[in-house]
Amino acid sequence: MQTQRPRCPYGAKQTPNRKNTQNMITCNTREGMDYEYDRKSELIAFDDSKAGVKGLVDAGVAKIPRMFIHPQHNLREKSVSTNAQLRIPFIDLEGVNSDAILRAKIIDKVRNACEIWGIFQIVNHGILKSVLEEMIKGIRRFNEQDTEVKKEFYTRDSSKKVKFVSNSDLFQAPAATWKDSFSCIIAPNPPDPTDMPAVCRDIIMEYSKQVKMLANTLFELVAEALGLNSNHLKDMECAEGLFLVSHYYPACPEPELTMGTKTHTDPTFLTVLLQDQVGGLQVLHEKQWVNVNPVPGALVINTGDLLQLVSNDMFRSAKHRVLANHKGPRVSVASFFSPFSLPSSKLYGPIKELLSEENPPKYKETTARDYGTYHRAERHDGTSALQHFKL
(Lines give C-alpha, C1' and ligand atoms only; values in the text may rest on other atoms or scores of the structure.)
Protein backbone atom coordinates (compact mmCIF):
# COMPACT_ATOMS: atom_id res chain seq x y z
CA MET A 1 0.00 0.00 0.00
CA GLN A 2 1.31 3.44 -0.89
CA THR A 3 2.12 5.63 2.11
CA GLN A 4 -0.11 8.68 2.29
CA ARG A 5 1.62 12.01 2.59
CA PRO A 6 0.70 14.05 5.65
CA ARG A 7 -1.70 16.90 4.99
CA CYS A 8 -0.24 20.36 4.65
CA PRO A 9 -1.50 22.95 7.13
CA TYR A 10 -4.02 25.67 6.39
CA GLY A 11 -5.47 23.94 3.38
CA ALA A 12 -2.36 24.18 1.21
CA LYS A 13 -2.66 22.06 -1.90
CA GLN A 14 -0.60 18.88 -2.11
CA THR A 15 0.70 18.84 -5.66
CA PRO A 16 3.62 16.41 -5.83
CA ASN A 17 3.26 16.06 -9.62
CA ARG A 18 2.71 19.73 -10.36
CA LYS A 19 4.70 20.80 -13.43
CA ASN A 20 5.47 24.29 -12.17
CA THR A 21 7.49 23.69 -9.02
CA GLN A 22 8.59 27.29 -8.48
CA ASN A 23 6.43 27.55 -5.36
CA MET A 24 6.85 23.93 -4.30
CA ILE A 25 8.67 23.58 -1.01
CA THR A 26 9.84 20.44 0.75
CA CYS A 27 9.75 20.88 4.51
CA ASN A 28 9.99 18.87 7.68
CA THR A 29 6.81 18.19 9.60
CA ARG A 30 6.77 18.10 13.40
CA GLU A 31 6.79 14.31 13.15
CA GLY A 32 10.05 14.44 11.19
CA MET A 33 8.44 13.40 7.87
CA ASP A 34 8.99 15.30 4.64
CA TYR A 35 6.21 16.56 2.47
CA GLU A 36 5.91 18.90 -0.42
CA TYR A 37 3.38 21.67 -0.48
CA ASP A 38 2.46 24.64 -2.60
CA ARG A 39 3.39 27.57 -0.38
CA LYS A 40 1.91 30.15 -2.72
CA SER A 41 -1.51 28.50 -2.46
CA GLU A 42 -1.21 28.48 1.31
CA LEU A 43 -0.39 32.18 1.36
CA ILE A 44 -3.24 33.03 -1.02
CA ALA A 45 -5.73 31.01 1.01
CA PHE A 46 -4.68 32.80 4.18
CA ASP A 47 -4.79 36.22 2.55
CA ASP A 48 -8.13 35.60 0.87
CA SER A 49 -9.69 34.76 4.23
CA LYS A 50 -9.06 38.39 5.32
CA ALA A 51 -9.38 37.12 8.89
CA GLY A 52 -5.68 37.35 9.73
CA VAL A 53 -3.87 35.43 12.43
CA LYS A 54 -6.75 36.06 14.82
CA GLY A 55 -8.95 34.14 12.39
CA LEU A 56 -6.70 31.10 12.82
CA VAL A 57 -6.87 31.38 16.61
CA ASP A 58 -10.65 31.81 16.51
CA ALA A 59 -10.83 28.66 14.39
CA GLY A 60 -9.07 26.77 17.18
CA VAL A 61 -5.73 25.90 15.53
CA ALA A 62 -3.57 23.84 17.88
CA LYS A 63 -0.54 23.88 15.56
CA ILE A 64 0.59 26.84 13.53
CA PRO A 65 0.42 26.59 9.72
CA ARG A 66 3.69 25.85 7.91
CA MET A 67 3.89 29.37 6.44
CA PHE A 68 4.56 30.75 9.94
CA ILE A 69 7.42 28.41 10.84
CA HIS A 70 10.80 30.16 10.79
CA PRO A 71 14.16 28.54 10.00
CA GLN A 72 15.70 26.87 13.01
CA HIS A 73 18.87 29.00 12.87
CA ASN A 74 16.72 32.10 13.37
CA LEU A 75 14.80 30.56 16.23
CA ARG A 76 17.98 29.46 17.97
CA GLU A 77 18.87 33.14 18.37
CA LYS A 78 15.99 33.59 20.82
CA SER A 79 18.27 33.43 23.85
CA VAL A 80 18.03 36.49 26.10
CA SER A 81 20.77 38.14 28.12
CA THR A 82 21.00 36.95 31.71
CA ASN A 83 23.03 40.02 32.70
CA ALA A 84 20.83 41.86 35.18
CA GLN A 85 22.89 45.02 34.61
CA LEU A 86 21.70 45.27 31.01
CA ARG A 87 18.59 47.42 31.13
CA ILE A 88 17.51 49.94 28.55
CA PRO A 89 17.77 53.58 29.65
CA PHE A 90 14.83 55.09 31.51
CA ILE A 91 14.34 58.87 31.23
CA ASP A 92 11.97 61.05 33.25
CA LEU A 93 10.91 64.12 31.22
CA GLU A 94 9.49 65.97 34.23
CA GLY A 95 10.53 69.65 33.97
CA VAL A 96 11.98 69.34 30.47
CA ASN A 97 10.27 72.54 29.29
CA SER A 98 10.34 74.50 32.55
CA ASP A 99 13.72 73.90 34.20
CA ALA A 100 16.94 74.58 32.26
CA ILE A 101 19.10 72.52 34.62
CA LEU A 102 16.79 69.52 34.41
CA ARG A 103 16.58 69.89 30.63
CA ALA A 104 20.38 69.77 30.33
CA LYS A 105 20.48 66.59 32.41
CA ILE A 106 17.73 65.04 30.27
CA ILE A 107 19.63 65.93 27.09
CA ASP A 108 22.72 64.17 28.47
CA LYS A 109 20.62 61.06 29.14
CA VAL A 110 19.10 61.20 25.65
CA ARG A 111 22.57 61.53 24.10
CA ASN A 112 23.87 58.55 26.06
CA ALA A 113 20.83 56.43 25.18
CA CYS A 114 20.99 57.25 21.47
CA GLU A 115 24.74 56.67 21.26
CA ILE A 116 24.86 53.37 23.15
CA TRP A 117 21.41 51.78 22.87
CA GLY A 118 19.30 53.45 20.19
CA ILE A 119 16.29 52.92 22.44
CA PHE A 120 14.97 54.24 25.76
CA GLN A 121 11.77 54.52 27.77
CA ILE A 122 10.22 57.80 28.92
CA VAL A 123 7.77 58.77 31.65
CA ASN A 124 6.13 62.13 32.46
CA HIS A 125 5.91 62.69 28.72
CA GLY A 126 2.68 64.65 28.82
CA ILE A 127 0.25 62.07 27.45
CA LEU A 128 -2.31 61.08 30.06
CA LYS A 129 -2.29 57.47 31.18
CA SER A 130 -6.03 57.31 30.44
CA VAL A 131 -5.33 58.22 26.80
CA LEU A 132 -2.66 55.51 26.54
CA GLU A 133 -4.99 52.92 28.04
CA GLU A 134 -7.89 53.90 25.80
CA MET A 135 -5.62 53.70 22.73
CA ILE A 136 -4.73 50.10 23.61
CA LYS A 137 -8.41 49.32 24.20
CA GLY A 138 -9.37 50.91 20.88
CA ILE A 139 -6.96 48.71 18.94
CA ARG A 140 -8.25 45.65 20.78
CA ARG A 141 -11.82 46.65 19.92
CA PHE A 142 -10.94 46.90 16.25
CA ASN A 143 -9.24 43.50 16.12
CA GLU A 144 -11.85 41.75 18.25
CA GLN A 145 -14.94 43.06 16.45
CA ASP A 146 -16.93 40.94 14.02
CA THR A 147 -14.62 39.64 11.28
CA GLU A 148 -17.01 40.67 8.51
CA VAL A 149 -16.80 44.30 9.68
CA LYS A 150 -13.02 44.14 9.98
CA LYS A 151 -12.70 42.67 6.46
CA GLU A 152 -13.92 45.93 4.97
CA PHE A 153 -10.55 47.48 5.86
CA TYR A 154 -8.40 44.56 4.68
CA THR A 155 -6.19 45.56 1.75
CA ARG A 156 -2.65 45.42 0.36
CA ASP A 157 -3.17 48.63 -1.61
CA SER A 158 -0.28 50.87 -0.50
CA SER A 159 -2.17 53.97 -1.62
CA LYS A 160 -4.81 53.47 1.08
CA LYS A 161 -4.38 55.75 4.09
CA VAL A 162 -6.32 53.42 6.38
CA LYS A 163 -5.86 49.67 6.17
CA PHE A 164 -5.95 46.37 7.99
CA VAL A 165 -3.64 43.56 6.86
CA SER A 166 -1.81 40.55 8.20
CA ASN A 167 1.90 40.56 7.32
CA SER A 168 2.48 43.42 4.90
CA ASP A 169 5.33 41.42 3.33
CA LEU A 170 3.39 38.13 3.27
CA PHE A 171 4.30 37.27 -0.34
CA GLN A 172 7.93 38.42 -0.10
CA ALA A 173 9.15 37.22 3.30
CA PRO A 174 10.55 33.70 3.82
CA ALA A 175 8.14 33.11 6.72
CA ALA A 176 5.10 34.93 8.09
CA THR A 177 4.88 36.39 11.58
CA TRP A 178 2.19 35.86 14.20
CA LYS A 179 0.40 39.22 14.12
CA ASP A 180 -2.23 41.37 12.42
CA SER A 181 -1.79 45.08 11.75
CA PHE A 182 -3.97 48.14 11.40
CA SER A 183 -2.37 51.34 10.10
CA CYS A 184 -3.19 54.96 9.27
CA ILE A 185 -1.20 57.71 7.58
CA ILE A 186 -1.86 60.56 10.01
CA ALA A 187 0.35 63.43 8.84
CA PRO A 188 0.79 65.64 7.03
CA ASN A 189 -2.54 64.85 5.35
CA PRO A 190 -4.79 62.93 7.75
CA PRO A 191 -7.50 60.62 6.44
CA ASP A 192 -11.16 61.55 6.39
CA PRO A 193 -12.42 60.53 9.86
CA THR A 194 -15.35 58.74 8.21
CA ASP A 195 -12.83 56.41 6.53
CA MET A 196 -11.60 55.21 9.90
CA PRO A 197 -13.17 52.41 11.99
CA ALA A 198 -15.87 53.73 14.29
CA VAL A 199 -14.65 51.57 17.19
CA CYS A 200 -11.31 53.40 17.45
CA ARG A 201 -11.66 56.56 15.36
CA ASP A 202 -11.88 59.10 18.18
CA ILE A 203 -9.03 57.72 20.27
CA ILE A 204 -6.72 57.40 17.26
CA MET A 205 -7.23 61.07 16.40
CA GLU A 206 -6.75 62.17 20.03
CA TYR A 207 -3.69 59.98 20.61
CA SER A 208 -2.15 61.10 17.31
CA LYS A 209 -2.58 64.76 18.25
CA GLN A 210 -0.83 64.22 21.57
CA VAL A 211 1.95 62.03 20.23
CA LYS A 212 2.77 64.70 17.60
CA MET A 213 3.17 67.25 20.39
CA LEU A 214 5.47 64.85 22.23
CA ALA A 215 7.48 64.28 19.05
CA ASN A 216 8.19 68.01 18.78
CA THR A 217 9.80 67.89 22.21
CA LEU A 218 11.72 64.69 21.39
CA PHE A 219 13.13 66.12 18.16
CA GLU A 220 14.29 69.20 20.07
CA LEU A 221 16.03 67.05 22.68
CA VAL A 222 17.68 64.86 20.06
CA ALA A 223 18.87 67.90 18.10
CA GLU A 224 20.37 69.44 21.23
CA ALA A 225 21.94 66.09 22.12
CA LEU A 226 23.72 66.27 18.76
CA GLY A 227 24.99 69.76 19.63
CA LEU A 228 22.60 71.46 17.19
CA ASN A 229 19.99 74.17 17.53
CA SER A 230 16.82 72.74 19.10
CA ASN A 231 14.83 73.31 15.89
CA HIS A 232 17.42 71.87 13.52
CA LEU A 233 15.78 68.48 12.93
CA LYS A 234 12.29 69.98 12.76
CA ASP A 235 13.54 72.52 10.20
CA MET A 236 14.79 69.55 8.17
CA GLU A 237 11.16 68.30 8.14
CA CYS A 238 12.12 65.13 10.01
CA ALA A 239 8.85 65.26 11.97
CA GLU A 240 6.56 66.14 9.05
CA GLY A 241 5.23 62.62 8.45
CA LEU A 242 3.43 60.41 10.94
CA PHE A 243 2.56 56.82 10.07
CA LEU A 244 0.69 55.04 12.88
CA VAL A 245 0.87 51.24 12.87
CA SER A 246 -0.80 49.06 15.49
CA HIS A 247 -0.02 45.38 15.93
CA TYR A 248 -2.25 42.72 17.47
CA TYR A 249 -0.38 39.54 18.50
CA PRO A 250 -2.83 36.73 19.36
CA ALA A 251 -1.79 34.00 21.80
CA CYS A 252 0.30 31.49 19.86
CA PRO A 253 -0.04 27.71 20.34
CA GLU A 254 3.59 27.11 19.27
CA PRO A 255 5.57 30.29 19.97
CA GLU A 256 8.88 28.42 19.81
CA LEU A 257 8.39 27.92 16.05
CA THR A 258 7.61 31.46 14.92
CA MET A 259 8.09 35.17 15.65
CA GLY A 260 5.78 38.04 16.46
CA THR A 261 7.95 40.49 14.52
CA LYS A 262 11.22 39.60 12.83
CA THR A 263 14.52 41.30 13.66
CA HIS A 264 14.60 44.73 12.00
CA THR A 265 15.45 48.38 12.33
CA ASP A 266 13.00 51.21 11.65
CA PRO A 267 13.39 53.29 8.45
CA THR A 268 12.47 56.42 10.42
CA PHE A 269 14.02 59.32 12.29
CA LEU A 270 12.21 58.49 15.52
CA THR A 271 9.61 55.91 16.58
CA VAL A 272 7.34 56.33 19.60
CA LEU A 273 5.97 52.98 20.77
CA LEU A 274 3.04 52.35 23.09
CA GLN A 275 2.85 48.76 24.34
CA ASP A 276 0.54 46.94 26.73
CA GLN A 277 1.79 44.88 29.67
CA VAL A 278 2.16 41.48 27.97
CA GLY A 279 5.80 41.92 26.94
CA GLY A 280 7.86 40.32 24.18
CA LEU A 281 9.74 43.30 22.72
CA GLN A 282 13.52 42.86 22.71
CA VAL A 283 16.45 44.99 21.55
CA LEU A 284 19.85 43.73 20.39
CA HIS A 285 22.62 45.24 22.51
CA GLU A 286 26.25 44.10 22.52
CA LYS A 287 25.22 40.93 20.64
CA GLN A 288 22.68 40.05 23.34
CA TRP A 289 18.90 40.27 23.28
CA VAL A 290 17.58 42.44 26.10
CA ASN A 291 13.93 42.55 27.15
CA VAL A 292 12.17 45.91 26.88
CA ASN A 293 9.92 45.28 29.85
CA PRO A 294 6.61 47.16 29.85
CA VAL A 295 6.25 49.95 32.41
CA PRO A 296 2.74 51.30 33.05
CA GLY A 297 2.42 54.81 31.62
CA ALA A 298 5.79 54.70 29.83
CA LEU A 299 6.51 55.01 26.11
CA VAL A 300 9.40 53.40 24.23
CA ILE A 301 11.46 55.66 21.96
CA ASN A 302 13.85 54.29 19.39
CA THR A 303 16.09 56.02 16.90
CA GLY A 304 15.61 54.95 13.30
CA ASP A 305 17.92 54.43 10.34
CA LEU A 306 17.47 57.94 8.97
CA LEU A 307 18.58 59.47 12.27
CA GLN A 308 21.68 57.28 12.21
CA LEU A 309 22.30 58.42 8.63
CA VAL A 310 21.94 62.17 9.22
CA SER A 311 23.90 61.96 12.49
CA ASN A 312 26.70 60.20 10.57
CA ASP A 313 26.65 57.28 13.04
CA MET A 314 26.74 59.48 16.15
CA PHE A 315 23.41 57.93 17.06
CA ARG A 316 22.53 54.33 16.30
CA SER A 317 19.43 52.61 14.99
CA ALA A 318 18.56 49.69 17.23
CA LYS A 319 17.76 46.22 15.95
CA HIS A 320 14.68 44.90 17.69
CA ARG A 321 12.06 42.15 17.44
CA VAL A 322 8.97 40.77 19.16
CA LEU A 323 8.70 37.17 20.33
CA ALA A 324 5.56 35.11 19.84
CA ASN A 325 3.95 34.18 23.14
CA HIS A 326 1.58 31.65 24.70
CA LYS A 327 0.03 34.66 26.41
CA GLY A 328 -2.04 37.12 24.48
CA PRO A 329 -3.19 39.09 22.82
CA ARG A 330 -0.35 41.62 22.94
CA VAL A 331 -1.16 45.07 21.55
CA SER A 332 1.30 47.79 20.50
CA VAL A 333 1.02 51.08 18.64
CA ALA A 334 4.05 52.46 16.80
CA SER A 335 4.16 56.10 15.68
CA PHE A 336 6.74 56.38 12.90
CA PHE A 337 8.05 59.89 12.36
CA SER A 338 9.52 60.33 8.90
CA PRO A 339 8.37 62.03 5.69
CA PHE A 340 8.67 58.77 3.72
CA SER A 341 4.99 58.83 2.76
CA LEU A 342 5.43 62.19 1.04
CA PRO A 343 6.35 62.49 -2.67
CA SER A 344 9.25 64.78 -1.73
CA SER A 345 12.55 65.18 -3.56
CA LYS A 346 14.21 66.52 -0.39
CA LEU A 347 17.54 64.80 0.14
CA TYR A 348 18.82 63.64 3.52
CA GLY A 349 22.49 63.08 4.17
CA PRO A 350 24.93 63.54 7.06
CA ILE A 351 24.32 66.95 8.68
CA LYS A 352 27.12 69.31 7.61
CA GLU A 353 27.49 70.83 11.08
CA LEU A 354 28.48 67.40 12.40
CA LEU A 355 31.19 66.76 9.80
CA SER A 356 34.93 67.51 9.86
CA GLU A 357 38.17 66.21 8.42
CA GLU A 358 38.24 63.68 11.25
CA ASN A 359 34.55 62.85 10.74
CA PRO A 360 33.86 62.79 6.97
CA PRO A 361 30.42 61.77 5.64
CA LYS A 362 29.78 58.03 5.81
CA TYR A 363 26.53 57.94 3.82
CA LYS A 364 25.28 59.17 0.47
CA GLU A 365 22.19 61.34 0.29
CA THR A 366 18.75 59.83 -0.26
CA THR A 367 15.14 60.87 -0.05
CA ALA A 368 13.11 59.51 2.84
CA ARG A 369 10.76 57.85 0.38
CA ASP A 370 13.57 56.10 -1.51
CA TYR A 371 15.08 54.89 1.74
CA GLY A 372 11.74 53.53 2.91
CA THR A 373 11.15 51.80 -0.42
CA TYR A 374 14.54 50.09 -0.32
CA HIS A 375 14.05 49.11 3.33
CA ARG A 376 10.72 47.42 2.54
CA ALA A 377 11.88 45.73 -0.66
CA GLU A 378 15.21 44.29 0.38
CA ARG A 379 15.24 43.59 4.09
CA HIS A 380 14.10 40.09 5.03
CA ASP A 381 17.24 38.85 6.78
CA GLY A 382 17.51 41.32 9.65
CA THR A 383 20.42 43.25 8.13
CA SER A 384 20.22 47.03 8.03
CA ALA A 385 19.34 48.82 4.80
CA LEU A 386 21.87 51.47 5.85
CA GLN A 387 24.67 49.36 4.37
CA HIS A 388 23.30 50.06 0.89
CA PHE A 389 23.72 53.82 1.44
CA LYS A 390 27.30 53.71 2.75
CA LEU A 391 29.89 55.71 0.85
Side-chain angles (χ1 to χ4, degrees), residues 1-78 143 147-148 150-158 160 163-181 247-264 321-324 376-383:
M1 179 180 293
Q2 186 176 6
T3 303
Q4 185 177 5
R5 291 176 178 269
R7 287 177 58 80
C8 299
Y10 204 74
K13 296 178 182 178
Q14 291 175 237
T15 52
N17 298 316
R18 186 179 174 125
K19 291 182 180 179
N20 180 5
T21 59
Q22 181 178 1
N23 297 299
M24 190 80 70
I25 297 176
T26 300
C27 60
N28 292 322
T29 67
R30 296 167 181 81
E31 293 76 25
M33 300 174 65
D34 287 339
Y35 65 79
E36 292 177 336
Y37 84 109
D38 185 351
R39 184 170 187 270
K40 184 176 181 180
S41 291
E42 183 180 39
L43 295 174
I44 291 173
F46 172 77
D47 199 45
D48 285 349
S49 76
K50 297 184 179 181
V53 173
K54 186 176 184 298
L56 297 176
V57 175
D58 290 345
V61 293
K63 295 185 180 296
I64 67 174
R66 176 65 184 88
M67 58 183 271
F68 290 95
I69 298 179
H70 286 241
Q72 284 302 306
H73 68 273
N74 288 347
L75 298 172
R76 280 196 296 271
E77 296 176 356
K78 282 193 174 184
N143 284 277
T147 302
E148 293 305 312
K150 199 165 53 174
K151 282 182 179 180
E152 296 176 12
F153 297 93
Y154 196 94
T155 180
R156 295 193 180 276
D157 184 348
S158 60
K160 296 289 187 181
K163 63 180 182 180
F164 164 58
V165 75
S166 187
N167 287 263
S168 59
D169 59 354
L170 182 68
F171 294 97
Q172 293 80 39
T177 53
W178 199 255
K179 69 174 180 293
D180 300 326
S181 306
H247 296 310
Y248 182 92
Y249 304 83
C252 182
E254 297 180 299
E256 69 281 1
L257 297 179
T258 190
M259 296 292 295
T261 296
K262 296 185 291 290
T263 300
H264 69 288
R321 66 185 186 182
V322 178
L323 301 183
R376 288 190 300 274
E378 300 296 332
R379 304 272 65 82
H380 297 300
D381 57 1
T383 59

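Worth saying up front: this structure is predicted, and the values here are computed from it rather than measured.
- Scored by the salt bridge (charged side-chain N to carboxylate O under 4.0 Å, His left out) test, Lys151 finds Glu148 as partners (sequence neighbours excluded).
- When all heavy atoms of Lys262 and Ala173 are compared, the closest pair comes out as NZ-CB, 3.9 Å.
- One distance of note links CZ of Arg321 with CE of Met259; it measures 4.5 Å at 0.5 Å rounding.
- Residues Phe164 and Thr155 have side chains not in contact (no heavy-atom distance under 4.5 Å, counting atoms from C-beta outward).
- One finds the CZ atom of Phe153 at 12.5 Å from the NZ atom of Lys50 (value rounded to the nearest 0.5 Å).
- Residues Trp178 and Leu257 have side chains not in contact (no heavy-atom distance under 4.5 Å, counting atoms from C-beta outward).
- Here the side chains of Ile64 and Cys252 are in contact, with some heavy-atom distance below 4.5 Å.
- In this structure, Tyr154 OH and Thr147 OG1 are separated by 12.0 Å, a value rounded to the nearest 0.5 Å.
- The CG atom of Asn167 sits 7.0 Å away from the OG atom of Ser181 when rounded to the nearest 0.5 Å.
- Rounded to the nearest 0.5 angstrom, Lys63 NZ and Glu254 CD are separated by 5.0 Å.
- Comment: Asp180 does not engage Lys150 in a salt bridge, judged by the lack of any side-chain N to carboxylate O separation of less than 4.0 angstrom.
- Between the side chain of Arg39 and the backbone N or O of Pro174, at least one donor-acceptor pair lies under 3.5 Å.
- Side-chain contact between Leu170 and Arg156: present, with at least one pair of heavy atoms (C-beta onward) separated by less than 4.5 Å.
- Side chain of Thr177 to main chain of Lys179: no donor-acceptor pair is present (N/O by atom type, distance under 3.5 Å, no hydrogens or angles).
- Side-chain contact check for Ser166 versus Phe46: some heavy-atom pair is nearer than 4.5 Å.
- Shown here for Pro253 and Ala62, the closest heavy-atom pair between the two residues is CB-O, 3.3 Å.
- To the nearest 0.5 Å, atoms CG (Asp157) and NZ (Lys163) are separated by 7.0 Å.
- Inter-residue side-chain proximity for Ile44 and Phe171 is flagged as met; some heavy-atom pair is nearer than 4.5 Å.
- Side-chain contact check for Asp169 versus Arg376: every heavy-atom pair is 4.5 Å or farther apart.
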